[in-house]
Enquirer: 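One structure is given below, represented as structure tokens, and several questions about it will come after.
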Amino acid sequence: MKKISLIALGLVAGLSASAQPDVVKNVEKLVKSKDYTAALEAVKPALTNPQTSGTAAPWYLAGKACIGIWDDGEIAAITPGNTVTPEDQVRNAKALIDAYNYFVKALPLDSLPDEKGKVKPKYSKEIKKIIGENYHKYQTAGLNLYNAQNYADAYNVWDLYTNLPSNGYADQKAYTVDPDTIVGELTYYQSLAAYFNKDMKNALACVNRALAKGYKNKNVYIVGMDAAGQLNDQATATALAKEGNKSYGAEDISFLATLINAELQKDNYPACYEAIDESFAIAANDSIKSQLYNIKGIINERENKIDEAMANLEQSLKLNPGNAKTYYDMGRLVQNGVAAKEDTADEATRTNVLIPEIKKAIEYYEKAYELNPEMSEIPNLIYRLYYGLDQNYHAGPEYAAKAEEWKNK
């Protein structure tokens, strides 16, 4: 019985092995007839079977099938009356990536010597031509994947585009390399794909490559600063902030904020004030100057110079009465001052000093919330202050109603 079983198994294995070339021939027919989805499914056994997986043909055919799926999708997208869904676009874009990977697998196998020791590539010229011809299509595929929030694959397909001119897999005559300005911009988009995929290392690497290509959009620096910060690479974050501040500091304080945070970690207050003064010199308008006074006030607070802090915050509001953050910070300073006095204040101080200050803090908070309702922490702060006026200061029953009003916001 054992002998019969072993012979049977050997016969099955022999049939399977001899069938593999037929599988490849069948896939060739399917590709020629443009039945690409069926061809891709049919070729899969040949990609794993030892008799064929070490040859170029099945990998070449798998690549051709995937290119066919991509091309059909592109035609469908521009054909009147067709509906191409985001899911279709993702599938087609992935097929383009798979085609590249299959072709890259086929290339070295197509250059293996035959039984006579001669190297006679059969597919390499066509493969390299196809890869080159799809140079700009890698841009489109990446965009479709990015818009579908498939950030990992968007990053990968854009990586094909940015590295194609140097990897040797494409026929250089089949396409024209884009200028650095376009490649740099695409590399920035690639950094966004990595960033949203929480891959900060590659996000930062792409930012550096985009900058090296000369693409120095403001957001490139901002993404780079944030990625470096999440990698705890303060030196890089600071360097990017300095460069960004030179070009965009007049209209955006993001770069100054990063520089100041780095100095605050070292309690280097003189350096903070120096950076603010430099920003004042280039500030584009009163709105920016208002933000600078706000930052100066926060640093004053850090040094426990509360009077100076309030003076700078007041100056901030003079320049921009709509600065919600400044109203919020003024309310916070006043509230902190009350908290510091409450435990030791006598009744006269509580009535004549602290109650008016609490009301002033509420006034600042309410104005901040009026200007920016997205400051979601404010209603709870106001509720607690009104509740304290009712329960702790017994300032009047109307404050209980006000507390309830803010409790539900």
Side-chain angles (χ1 to χ4, degrees), residues 151 155 162 180-181 183-285 287-305 308-309 312-313 315-316 319 323 325-326 328-329 332:
Y151 300 121
Y155 175 90
T162 57
D180 283 353
T181 51
V183 177
E185 182 176 10
L186 198 284
T187 306
Y188 161 63
Y189 296 147
Q190 191 183 3
S191 77
L192 288 178
Y195 180 89
F196 290 125
N197 196 41
K198 303 186 187 306
D199 180 2
M200 299 305 154
K201 183 177 180 180
N202 278 321
L204 183 57
C206 287
V207 163
N208 288 329
R209 290 202 297 271
L211 292 171
K213 291 287 185 181
Y215 187 75
K216 299 184 177 182
N217 180 283
K218 178 175 71 173
N219 289 328
V220 177
Y221 292 104
I222 292 175
V223 172
M225 287 189 307
D226 196 27
Q230 293 194 49
L231 292 168
N232 295 317
D233 185 352
Q234 189 59 56
T236 298
T238 300
L240 288 169
K242 287 180 178 178
E243 287 301 311
N245 201 46
K246 290 178 183 177
S247 299
Y248 301 105
E251 61 188 51
D252 194 321
I253 65 165
S254 302
F255 309 102
L256 176 65
T258 298
L259 292 173
I260 286 178
N261 285 336
E263 298 301 337
L264 286 177
Q265 291 178 14
K266 300 177 286 187
D267 291 332
N268 189 353
Y269 301 116
C272 293
Y273 292 125
E274 182 180 349
I276 291 172
D277 289 340
E278 290 175 356
S279 294
F280 268 119
I282 61 172
N285 51 53
S287 178
I288 296 297
K289 291 177 182 178
S290 173
Q291 294 178 64
L292 294 175
Y293 273 113
N294 179 279
I295 294 174
K296 197 169 186 178
I298 301 307
I299 298 171
N300 294 151
E301 180 192 8
R302 178 80 172 258
E303 289 189 280
N304 203 31
K305 298 177 179 178
E308 290 184 33
N312 279 310
L313 293 177
Q315 186 63 33
S316 171
L319 290 167
N323 191 330
K325 184 180 183 302
T326 296
Y328 170 79
D329 287 328
R332 186 174 50 77

Enquirer: Check whether any side-chain N or O of Asn245 sits under 3.5 Å from a backbone N or O of Ala241 as a donor-acceptor pair, and report yes or no.
Expert: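 Not at all, since once roles are kept as given, no pair shorter than 3.5 Å links the two residues.
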Enquirer: Just verifying a value: how many Å separate Asp329 CG and Ile295 CD1, rounded to the nearest 0.5 Å?
Expert: 10.5 Å
Enquirer: Taking Asn312 for its side chain and Glu308 for its backbone only, find out whether a donor-acceptor pair lies under 3.5 Å.
Expert: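 Here the side-chain-to-backbone pair exists.
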Enquirer: Enter the distance from Ser290:OG to Gln315:CD here, rounded to the nearest 0.5 Å.
Expert: 9.0 Å
Enquirer: Do Leu211 and Val207 make a side-chain contact, defined as non-hydrogen atoms from C-beta onward lying under 4.5 Å apart?
Expert: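 The answer is yes; the side chains approach within 4.5 Å.
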Enquirer: Looking at every non-hydrogen atom in both residues, tell me the closest pair between Gly224 and Leu204 and how far apart they are.
Expert: O-CD1, 3.7 Å
Enquirer: Can you find a heavy atom in the side chain of Thr181 that is under 4.5 Å from one in the side chain of Lys213?
Expert: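 No, their side chains stay 4.5 Å or more apart.
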Enquirer: Quick check: are there more than 12 heavy atoms from other residues, nucleotides or ligands sitting under 6.0 Å from NZ of Lys218?
Expert: yes
Enquirer: Give me the atom names and distance for the closest heavy-atom approach of Ala250 to Ile288.
Expert: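 Minimum heavy-atom separation between Ala250 and Ile288: O-CG1, 3.5 Å.
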Enquirer: Can you tell me if Lys325 has over 12 outside heavy atoms packed within less than 6.0 Å of its NZ?
Expert: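 Counting neighbours around NZ of Lys325, more than 12 heavy atoms of other residues, nucleotides or ligands fall under 6.0 Å, so yes.
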Enquirer: Let me see the working for Asp252 and Gln291 under side chain to side chain contact (heavy atoms under 4.5 Å, CB included), right down to the final yes or no.
Expert: CA-CA 10 Å; Asp252 194 321; Gln291 294 178 64; over 6 Å; no
Enquirer: Lys198 versus Gln230: any side-chain heavy-atom pair under 4.5 Å?
Expert: no
Enquirer: Rounded to the nearest 0.5 Å, what separates atom CD in Glu263 from atom OH in Tyr273?
Expert: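 Rounded to the nearest 0.5 Å, the CD-OH separation comes to 13.0 Å.
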Enquirer: At what distance, to the nearest 0.5 angstrom, does NZ of Lys242 lie from CG of Leu256?
Expert: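 Here the rounded value is 12.5 Å.
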Enquirer: With side chain to side chain contact (heavy atoms under 4.5 Å, CB included) as the test, would you mind laying out the steps for Tyr215 and Thr187 before giving the verdict?
Expert: CA-CA 9 Å; Tyr215 187 75; Thr187 306; over 6 Å; no
Enquirer: Could you tell me whether a side-chain N or O of Arg302 sits under 3.5 Å from a main-chain N or O of Leu264, the two making a donor and an acceptor?
Expert: yes
Enquirer: Under 30°, 30 to 60°, or over 60°: which ring-plane class applies to Phe255 and Tyr221, parallel, tilted or perpendicular?
Expert: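 Judged by the thresholds at 30° and 60°, the geometry between Phe255 and Tyr221 is perpendicular.
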Enquirer: Can you give me the closest heavy-atom contact between Ala262 and Thr238, atom names plus distance?
Expert: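 Where Ala262 meets Thr238 most closely, the heavy atoms are CB-OG1, 3.7 Å.
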Enquirer: Compare every heavy atom of Ser191 with every heavy atom of Cys206, then report the nearest pair and how far apart it is.
Expert: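 Here Cys206 and Ser191 meet closest at CB-CB, 3.4 Å.
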Enquirer: Asn294 and Thr326: side chain to side chain donor-acceptor pair (under 3.5 Å), yes or no, with the steps?
Expert: CA-CA 6 Å; Asn294 179 279; Thr326 296; 3.0 Å; yes
Enquirer: Set out, in order, the CA-CA distance, both residues' side-chain angles and the distance that settles ring-ring contact (aromatic ring centres under 6.0 Å, His included) for Tyr293 and Phe280, then state yes or no.
Expert: CA-CA 9 Å; Tyr293 273 113; Phe280 268 119; 4.8 Å; yes
Enquirer: Roughly how far, to the nearest 0.5 Å, is the CD1 atom of Ile260 from the CD1 atom of Ile276?
Expert: 4.0 Å
Enquirer: List the atom of Cys272, the atom of Ile299, and the distance in Å for their closest heavy-atom pair.
Expert: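 The pair with the smallest heavy-atom distance is CB-CD1, 3.6 Å.
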Enquirer: Just do the side chain to side chain contact (heavy atoms under 4.5 Å, CB included) check on Ile222 and Asn219 with the steps written out, would you?
Expert: CA-CA 5 Å; Ile222 292 175; Asn219 289 328; 3.8 Å; yes
Enquirer: So Arg332 and Glu301, salt bridge (Lys or Arg N to Asp or Glu O under 4.0 Å) or not? Walk me through it.
Expert: CA-CA 11 Å; Arg332 186 174 50 77; Glu301 180 192 8; 2.6 Å; yes
Enquirer: The criterion is side-chain contact (heavy atoms from CB on, under 4.5 Å); which residues satisfy it with Asn202, sequence neighbours excluded?
Expert: Tyr155, Ala194, Asp199
Enquirer: Which pair of non-hydrogen atoms, one from Ala210 and one from Gly184, has the smallest distance, and what is that distance?
Expert: CB-O, 3.4 Å
Enquirer: From Met225 CE over to Leu259 CG, what is the distance, rounded to the nearest 0.5 angstrom?
Expert: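 It comes to 8.0 Å.
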